[in-house]
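Shown next, in structure tokens, is the structure this report addresses.
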There are 2 protein chains.
Amino acid sequence: MTTEPDTTADLARLQELLQGDDVQPAIDLLDGMHPADQADVFEALDEDDQPKMLALLSGEGIAHLLGHLEDEQRRSVVEQMPRATLARVLDASDYDIAVDILRAIPPAEAVMTLSQMRTAAEVTPLLGHADESAGGLMTRGYIAVHRDMTAGEAIDFLRATKPAAEEAYYLYVLDAANHLQGVVNLRQLIVSDPETRLEDVMEPEPIAVAVETDQEEAANLMQHYRLRSLPVVDEEGVLSGVITSDDIIDVIQDEATEDMYYMAGLPGDDSLHAPLQVSARKRIPWLLVNLVTSFMAGGIVALFEGTIEKAAALAVFMPIIAAQSGNAGIQTVTIVVRGIALREMEADDAWRALRKEMALGVFRGVLFGVLVGGAAYLWQGEWAWGAVVGGAMLLNMVVAGLLGTLIPITLRALKLDPAIASGILLASITDILGFLMLLGFGALAISQLT
Amino acid sequence: MTTEPDTTADLARLQELLQGDDVQPAIDLLDGMHPADQADVFEALDEDDQPKMLALLSGEGIAHLLGHLEDEQRRSVVEQMPRATLARVLDASDYDIAVDILRAIPPAEAVMTLSQMRTAAEVTPLLGHADESAGGLMTRGYIAVHRDMTAGEAIDFLRATKPAAEEAYYLYVLDAANHLQGVVNLRQLIVSDPETRLEDVMEPEPIAVAVETDQEEAANLMQHYRLRSLPVVDEEGVLSGVITSDDIIDVIQDEATEDMYYMAGLPGDDSLHAPLQVSARKRIPWLLVNLVTSFMAGGIVALFEGTIEKAAALAVFMPIIAAQSGNAGIQTVTIVVRGIALREMEADDAWRALRKEMALGVFRGVLFGVLVGGAAYLWQGEWAWGAVVGGAMLLNMVVAGLLGTLIPITLRALKLDPAIASGILLASITDILGFLMLLGFGALAISQLT
């Protein structure tokens, strides 16, 4: 029984064996490991040891390993591989992995590699599809049968051909022109009378997507209908491939990561293990944008320098108002961005969400307006302090609720990702407006404050 | 071919039909819809129309509908159902759905309902497991066969019993005491010689988890090994149930949502459509915590009121330093929290990540220290302004990199979720330390600044 995958012991043992001369124990160790664990061990090895480990694996072994490596590691392994070896490895790979790898190498190199591959005919058509589309995600490793076959004939066909398809539970039923007619699963096939024709047991008109469908939409559909695999068809309804549930899990994780990153002003492809220079290059741009907005907030404060000189205690409430409304707004932005991502928000829900978040903004505004304004009154002993600080707090909370809803909805209406920098944008605007209201009210009431 | 599920037309048609007297067209409409779409329509109906729609569905139809409803909606449907009806509906539900529903109603009610269920024997053992454990996630809808059977006998067994199991692609091979011995899939079964014994074709020692395993760990394992289903065994190795890939997708989405929410200071169970009072109750507590930390930041500023009176321009740089280091820190926190969630961070990676984020902090610190300090110098025409502002900016950026890594790592070491309020905590501390450094340096150099 396995719980958390733990490859620490295997890693240590392999490192030791790679130092020795006898390769057989290392080969035996790797043979006993799942490719997913081999990938973990490989990624933890020194750069010197990685080629040694590859040398111990068969072409098929490397193919399985590549299927589980992170993109960056995969690229560096492929770069160092002679073309003939790569062709042999890709022949042994799942088609969708082979396509991903061919896409990542220079086009001329990809063509030369393809020309040496046995599976070129299956892989080439897949190369034409956009990486993040259903066509880019699908595999051609499925089993197709003709609608006129009987259940018994289909079973005989499977016995005779022993297909090693990636998606082997569903049989896809086609007509003579390869149009998708229906789906039948192996269980139905087995329990049916062998004389029954497939078209009588198949589920007709199965849910399917077009090759150009965005991968997120395909993932959403599979999740919505709880599908284990999703056929992909071209514009004429000809079956082009099949998306399997393990690919969808990757898409879902990637989309969630992307949303979290976008909200924090990070591009989708930074990561914990990215090299320092790469991370620096990816993280600086948004901070520069943020520098502009924070200079704008500073500029508002500069406008009121005279007011602050007279009533320096106003500066004390600046961070309180900024932090409270920033955080309240981030709560709202997060709820709305995630709601959109999980498809909980239809068009007519936008108005309902806006009303709710506005109401919540007023509620939070009154609560924190009273608390923060009350603190200002108690500290300074003047009603005017309570009114200036509490009023700015209240209004900025309402602004936070409004913007927290409007920013992601607007980004979506502009066909942008609703998560893109929405957190940073919101905090900038609540800073700017918060200071404007606090210091503006303070300037108006300055005679009462001092 | 379907793309995005769109139920707007179905909803409008159903609303219209529910007003009329003739129920048959409404029944036909519902019959033609996928239960996932029925659930979308149901959730969009008025409270008056919802019972009318339920009345049109069979027990089995309601069971399918319940399987696709959000928790809250499901609860309200179940509450209004007579006990005998509920028992009939649960009999038609997948076991894991039935268990979820029985868990959500009062225990006495659950026992009475169980006593009227035909499937009580299958469902009862599942009730003992924690909701978020493998035992709480698994279904008992799998097919078990004895290891001494031959492939042909297994096929005959399937033909004779026609099991409608939820997980029907894999057969689980058991010994006489129900210990899990191996797994064989239907494809292997079909292509094998009918005389072969199952123990010769099965995959022995399949990856499995214990019933008490956390659901996130089970999801991680299925993702790591790209499994379509995962057997769950008790402490003696007896097969207790099976987790299927559609359940795992829900777990993955829920965990991602929870992390995003936690980072924004939201409890995991708020949502876009939660009632206003519920959302208010859930969102206020963290804002109150944040009020304390923002008063601390304000308190730091209050300590330096005299300094600000003399050099009010310092207040201009407060929001700039707070926003820049807050955002830089949020980038780091997000990368680390997500890296931990995706299991990219092993124990010895923590130190590597810390070094990288510190180096990045120094780099960002120097860059923005020069930019912001330079702006201060140009504006005020005094080197001291550049040194005070630039120095505070530089140091606070380093602090942001350090805390952005340490806060989630520390939360994890304390066995808390690394995401919990890590964003809010970070922004509070960078605010406090940023003001302390800016105003502290300003107080020390006050004679140079004015």
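These numbers come from the heavy atoms of this one structure, side chains and all, not from hydrogens, waters or symmetry mates. Order of the sequence lines sets the chain letters (A, B, ...), proteins ahead of strands, with each chain counted from 1.
- Atom CG of Leu186(B) sits about 4.5 Å away from atom CD1 of Ile190(A), to the nearest 0.5 Å.
- With rounding to the nearest 0.5 Å, the separation of CZ in Phe368(B) from CG in Leu287(A) is 4.5 Å.
- In this structure, Glu309(A) contributes its side chain and Ala311(B) its backbone to no donor-acceptor pair below 3.5 Å.
- The OG atom of Ser294(B) sits 8.5 Å away from the CG atom of Asn327(A) when rounded to the nearest 0.5 Å.
- Looking at Ile248(B), the atoms closer than 4.5 Å to chain A (heavy atoms on both sides) all sit in the side chain, from C-beta outward.
- Comparing Ile320(A), Ile424(A), Ile308(A) by heavy-atom pairs within less than 4.5 Å of chain B, the highest count is held by Ile320(A).
- When each of Glu357(B), Arg283(B), Met318(B), His34(B) is scored by its heavy-atom pairs under 4.5 Å with chain A, the top score falls to Arg283(B).
- Ionic pairing of Arg226(B) and Asp250(A) is present here: one or more N-O contacts between side-chain nitrogen and carboxylate oxygen are shorter than 4.0 angstrom.
- For Phe435(B), the part sitting under 4.5 Å from any heavy atom of chain A is the side chain, from C-beta outward, and nothing else.
- Using the six-membered ring where Trp is involved, Tyr169(A) and Tyr169(B) have ring planes that are tilted, between 30° and 60° apart.
- With chain B as the partner, the residue from Thr257(A), Asp214(A), Leu158(A), Leu371(A) showing the most heavy-atom pairs under 4.5 Å is Thr257(A).
- Using a 4.5 Å cut-off between heavy atoms, Gln277(B) does not touch chain A at all.
- For a residue to count as touching a neighbouring chain, one of its non-hydrogen atoms must lie under 4.5 Å from one of that chain's; by this rule Thr332(B) touches chain A with backbone and side chain alike.
- Chain B forms more heavy-atom pairs under 4.5 Å with one residue of Val191(A), Val301(A), Ile335(A) than with any other, namely Ile335(A).
- If you measure heavy-atom distances from Leu314(B) to chain A, you find no contacts under 4.5 Å at all.
- Only the side chain of Phe363(B) comes within less than 4.5 Å of a heavy atom in chain A; its backbone stays farther off.
- Residue contact with chain B, scored on non-hydrogen atoms closer than 4.5 Å, involves the backbone and the side chain of Ala274(A) alike.
- When the candidates Arg364(B), Glu205(B), Gln188(B), Arg338(B) are compared by the number of heavy-atom contacts under 4.5 Å with chain A, Arg338(B) comes out ahead.
- When Ala313(B), Gly339(B), Ala359(B), Ala322(B) are compared by the number of non-hydrogen pairs under 4.5 Å with chain A, Ala313(B) comes out ahead.
- Looking only at distances, no side-chain donor or acceptor of Arg228(A) sits under 3.5 Å from a matching main-chain atom of Asp246(B).
- Of the listed residues (Lys310(B), Met222(B), Glu305(B)), the greatest number of heavy-atom pairs within a distance under 4.5 Å of chain A belongs to Glu305(B).
- Annotation: side chain of His224(B) is in contact with side chain of Asp37(A) (closest heavy-atom distance under 4.5 Å).
- Separation of atoms CG (Asp259(B)) and CE (Met260(A)) is listed at 5.0 Å; rounding is to 0.5 Å.
- Between chain B and the options Gly265(A), Ala256(A), Gly67(A), the largest number of non-hydrogen pairs under 4.5 Å is found for Ala256(A).
- With respect to chain B, the highest number of heavy-atom pairs below 4.5 Å among Ile330(A), Leu276(A), Val336(A) belongs to Leu276(A).
- Put simply, of Ile155(B), Ile284(B), Val372(B), Asp431(B), the one with the most heavy-atom pairs under 4.5 Å next to chain A is Ile284(B).
- Salt bridge status for Arg343(B) with Asp40(A): absent, with no side-chain N to carboxylate O gap under 4.0 Å.
- The shortest heavy-atom contact between Val316(A) and Gly298(B) is CG1-O, 3.2 Å.
- Checked by atom type and distance alone, the side chain of Gln324(A) pairs as donor or acceptor with a backbone atom of Leu291(B) at under 3.5 Å.
- Taking OG1 of Thr334(A) as the reference point, atom CG of Leu266(B) lies at 6.0 Å (rounded to 0.5 Å).
- Among Met296(A), Gln253(A), Arg159(A), the residue with the largest count of heavy-atom pairs under 4.5 Å with chain B is Gln253(A).
- For Ile252(B), the part lying near chain A is the side chain, with the backbone staying farther off; criterion is any non-hydrogen pair under 4.5 Å.
- The candidate from Ile340(B), Leu288(B), Leu303(B) with the greatest count of non-hydrogen atom pairs under 4.5 Å with chain A is Leu288(B).
- Here the CG atom belonging to Leu272(A) is positioned 9.5 Å from the CG atom belonging to Leu342(B), to the nearest 0.5 angstrom.
- Using a 4.5 Å cut-off between heavy atoms, Ala323(B) touches chain A through backbone and side chain atoms alike.
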